[in-house]
Amino acid sequence: SKKGIDIQEGKNINLNNVKLTIEHGDPLINIQNGNNVSLKNITYNSADLLFKISGDRNSNIKTSGLDVSKAQKQAEFLAGAQEKSLQINK
């Protein structure tokens, strides 16, 4: 695929055991105004930016089993998004 995960205005989304092989991970995961998003055991080949979180209505975005070391930058918060909306667990 050319792009990774794109969630816009999504609520109660669970993605488990997903493998992403993409051409350009900038970002790998884009979330705009997402609520109650759970990402578990996501694997990927590479990413410049792991998460792009935008909008002021994001909340409860959680990850686990995600290797952040392959990404050059973990997260970017835009357009009113707050860092507390994203929780990265190993």
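Just so you know, these numbers come straight off a predicted model, no measurement behind them. Numbering starts at 1 and runs along the sequence shown.
In summary, of the residues considered (Asp48, Asp26, Leu49), a side chain to side chain contact (heavy atoms under 4.5 Å, CB included) with Gln72 occurs for Asp48 alone.
Residues that satisfy the side-chain contact (heavy atoms from CB on, under 4.5 Å) test with Asn16, not counting sequence neighbours, are Lys40. The side-chain contact (heavy atoms from CB on, under 4.5 Å) test applied to Ser59 returns Asn35, not counting sequence neighbours.
Follow the hydrophobic side-chain contacts under 4.5 Å out from Ile88 and you reach Ile13 in the same cluster. Under a hydrophobic-cluster definition in which Ile, Leu, Val, Met, Phe, Trp and Tyr are linked whenever side-chain heavy atoms come within less than 4.5 Å, directly or via other members, Leu20 and Ile31 are assigned to the same cluster. Under the 4.5 Å side-chain contact rule for hydrophobic residues, Leu50 and Leu15 share a cluster.
Side-chain atoms of Asn33 never come within 3.5 Å of backbone atoms of Gln8 as a donor-acceptor pair (strictly under, hydrogens ignored).
For the pair Leu66/Leu39, no side-chain contact is recorded, criterion being any heavy-atom separation below 4.5 Å from C-beta on. The side-chain heavy atoms of Thr63 and Val68, taken from C-beta on, include no pair separated by under 4.5 Å.
A distance of 6.0 Å separates CD1 in Ile61 from CG in Leu86, rounded to the nearest 0.5 Å. Distance check, rounded to the nearest 0.5 Å: CG of Leu28 to CZ of Phe51 gives 7.5 Å. Separation of atoms CG (Asn45) and CD (Glu23) is listed at 9.5 Å; rounding is to 0.5 Å. Rounding to the nearest 0.5 Å places CG of Asn58 at 9.0 Å from CD of Glu9.
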Compile the donor-acceptor pairs under 3.5 Å between side chains in residues 76-84 and protein atoms, sequence neighbours left out, one pair per line.
none

The test is side chain to side chain donor-acceptor pair (under 3.5 Å); show your working for Gln32 and Asn30 and say whether it passes. CA-CA 7 Å; Gln32 178 181 342; Asn30 180 58; 5.4 Å; no
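In the displayed structure, Lys70 atom NZ is contacted under 6.0 Å by more than 12 heavy atoms of other residues, nucleotides or ligands.
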